[in-house]
Number of protein chains: 2
Amino acid sequence: MPTTDITETITNAEWCVMRVVWTLEKADSHTIIDVVGQQHDWKAATIKTLIGRLVKKGALATTKSGRQFIYTPLIAEQTAMDNALTDQLDQMCAMCRGQAFVHALDQTELSQADIQELIDHLQAKLPTAPATVACDCLPEGYEGSC
Amino acid sequence: MPTTDITETITNAEWCVMRVVWTLEKADSHTIIDVVGQQHDWKAATIKTLIGRLVKKGALATTKSGRQFIYTPLIAEQTAMDNALTDQLDQMCAMCRGQAFVHALDQTELSQADIQELIDHLQAKLPTAPATVACDCLPEGYEGSC
DNA sequence: TCAATTAAATTACAGTTGTAAACGAAAAGG
DNA sequence: CCTTTTCGTTTACAACTGTAATTTAATTGA
């Protein structure tokens, strides 16, 4: 598998464009510019640039429809979000992850179904979970832990 | 409160340096260069640059000790991690957050205590949780939802 | 005291990102 | 047909990032 995960190459501003294309499922540039332009104070030209970069990066597909293009996502939204969250966790000290989860959870509104699913997964994990998770911030030999 | 959250200005490469300083609690540049240099294939000069930028950004404090500096973190690791994870979630569609959590959870090793705490928090949230969470990717008026 | 070492600060430099204007081709209106 | 509008492409440009060499100032060993 190529190590170059496309989701890691998409920038913050570009995610804003992806979000509307994901939600609309497909859209022409006029619609994207209109919708994104309402959320962010960006000029049409700016949004055009972002669309162009997303196409070049392989995040959006184009289909010619008359004189213009219809843009559609080439990556699944949920998958991209799953990866983004996992990548974020992977960058932090293993010891911090649990509490970061707790904190994030408290700040996030979740549906009952999602909450129940989380509880189920957690309960399944509990029996085989370690008593403690060690810090992984230092290389071998520098075991000052934290 | 100033809107400029320092944690948002710290780059990926800089986080790598912060992780070791957090774990060591305090360190001189030689130690940082040694430890970070073992994890990443960076030249000493590169790590010095990162340290300098972190000081300028207010993420590291310096204390003169003889001819050199001792560096200490000016921001708490757990707080920074909490914010990082929350920021990540805030950038994604509200509908995706629950499943992203589930996915991330499955990928992450957590201690029994953390798991139990998560279960407790989730169980507390359950009664007042909404049946569904709506997409928040479009501005008012474009209610195509998703 | 003078050279060699060290530590921090300054400078470098290409690639990415945010932000956008300008350009060129095609279409639509007259 | 010719002008105006539209849509995509090219070009622009400063700030930020990753990566690092060079310089300067102080320190230490000889």
Side-chain angles (χ1 to χ4, degrees), chain A residues 3-21 24 26-72 84 87 91, chain B residues 3-21 26-72 84 87-88 91:
Chain A
T3 319
T4 336
D5 179 7
I6 178 179
T7 62
E8 285 169 22
T9 78
I10 295 177
T11 72
N12 283 341
E14 287 161 6
W15 283 124
C16 296
V17 173
M18 289 304 293
R19 280 185 71 170
V20 339
V21 182
L24 298 174
K26 59 183 199 288
D28 56 25
S29 71
H30 169 270
T31 306
I32 298 174
I33 287 168
D34 187 15
V35 174
V36 175
Q38 250 174 281
Q39 313 176 291
H40 306 270
D41 192 21
W42 291 338
K43 297 286 152 62
T46 301
I47 302 169
K48 280 192 212 176
T49 299
L50 297 173
I51 293 172
R53 287 178 183 168
L54 285 166
V55 171
K56 184 180 312 178
K57 288 180 182 180
L60 289 179
T62 55
T63 319
K64 197 115 202 166
S65 163
R67 59 340 207 348
Q68 57 175 34
F69 285 142
I70 303 295
Y71 299 94
T72 48
D87 288 347
Q91 265 184 259
Chain B
T3 319
T4 336
D5 180 5
I6 180 179
T7 61
E8 285 169 22
T9 78
I10 296 177
T11 72
N12 283 342
E14 287 160 6
W15 283 124
C16 297
V17 173
M18 288 305 294
R19 281 184 71 170
V20 339
V21 182
K26 60 182 198 289
D28 57 24
S29 70
H30 168 271
T31 307
I32 297 175
I33 288 168
D34 187 15
V35 174
V36 175
Q38 249 173 281
Q39 312 176 292
H40 307 270
D41 192 21
W42 292 338
K43 298 286 153 62
T46 301
I47 301 170
K48 280 192 209 175
T49 299
L50 296 173
I51 293 172
R53 288 178 183 169
L54 285 166
V55 171
K56 185 178 312 178
K57 288 180 182 181
L60 290 179
T62 56
T63 318
K64 197 114 201 167
S65 164
R67 52 357 199 344
Q68 57 177 30
F69 285 141
I70 304 296
Y71 298 94
T72 48
D87 288 347
Q88 187 67 49
Q91 264 184 260

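Only heavy atoms go into these numbers, but all of them, side chains included; no hydrogens, no water, no symmetry mates. Convention: sequence-line order gives letters A, B, ...; per-chain numbering from 1.
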Check: Val21(A) and Lys26(A) side chains under 4.5 Å, non-hydrogen atoms: no

Return the polar atom pairs (N/O with N/O) between nucleotides 8-10 of chain C and the protein under 3.5 Å, or none.
residue	atom	partner	partner atom	Å
dA8(C)	OP1	Phe69(B)	N	2.7
dA8(C)	OP2	Ser29(B)	OG	2.5
dA8(C)	N7	Lys48(B)	NZ	3.1

Smallest separation among heavy atoms of Trp15(B) and Ile10(B), with atom names: NE1-O, 3.4 Å

Thr7(B): partners by side chain to side chain donor-acceptor pair (under 3.5 Å), with sequence neighbours left out: Asp5(B)

Listed once per pair and sorted, the salt bridge (charged side-chain N to carboxylate O under 4.0 Å, His left out) pairs that draw on residues 54-66 of chain A, sequence neighbours left out: Glu14(A)-Lys57(A)

Span of DNA chain D in contact with chain A (heavy atoms, under 4.0 Å): dC7(D) to dA12(D)

Of all pairs that satisfy side-chain hydrogen bond (donor to acceptor under 3.5 Å, both in side chains), the ones with a partner from residues 31-40 of chain A, not counting sequence neighbours: Asp28(A)-Thr31(A), Asp34(A)-Tyr142(B)

Qualifying salt bridge (charged side-chain N to carboxylate O under 4.0 Å, His left out) pairs, either residue in residues 39-53 of chain B, two or more places apart: none

Touch class at under 4.0 angstrom, heavy-atom based, for Lys56(A) against every strand present: nothing

Sugar-phosphate only, base, or nothing, as touched by Thr11(B) at under 4.0 Å among non-hydrogen atoms: sugar-phosphate

Side-chain heavy-atom pair Ile51(A), Val17(A) within 4.5 angstrom cut-off: yes

Rounded interatomic separation in angstrom, taking NE2 from His40(A) and P from dT17(C): 17 Å

Minimum side-chain heavy-atom gap Ile47(B)-Ile32(B) below 4.5 Å: yes

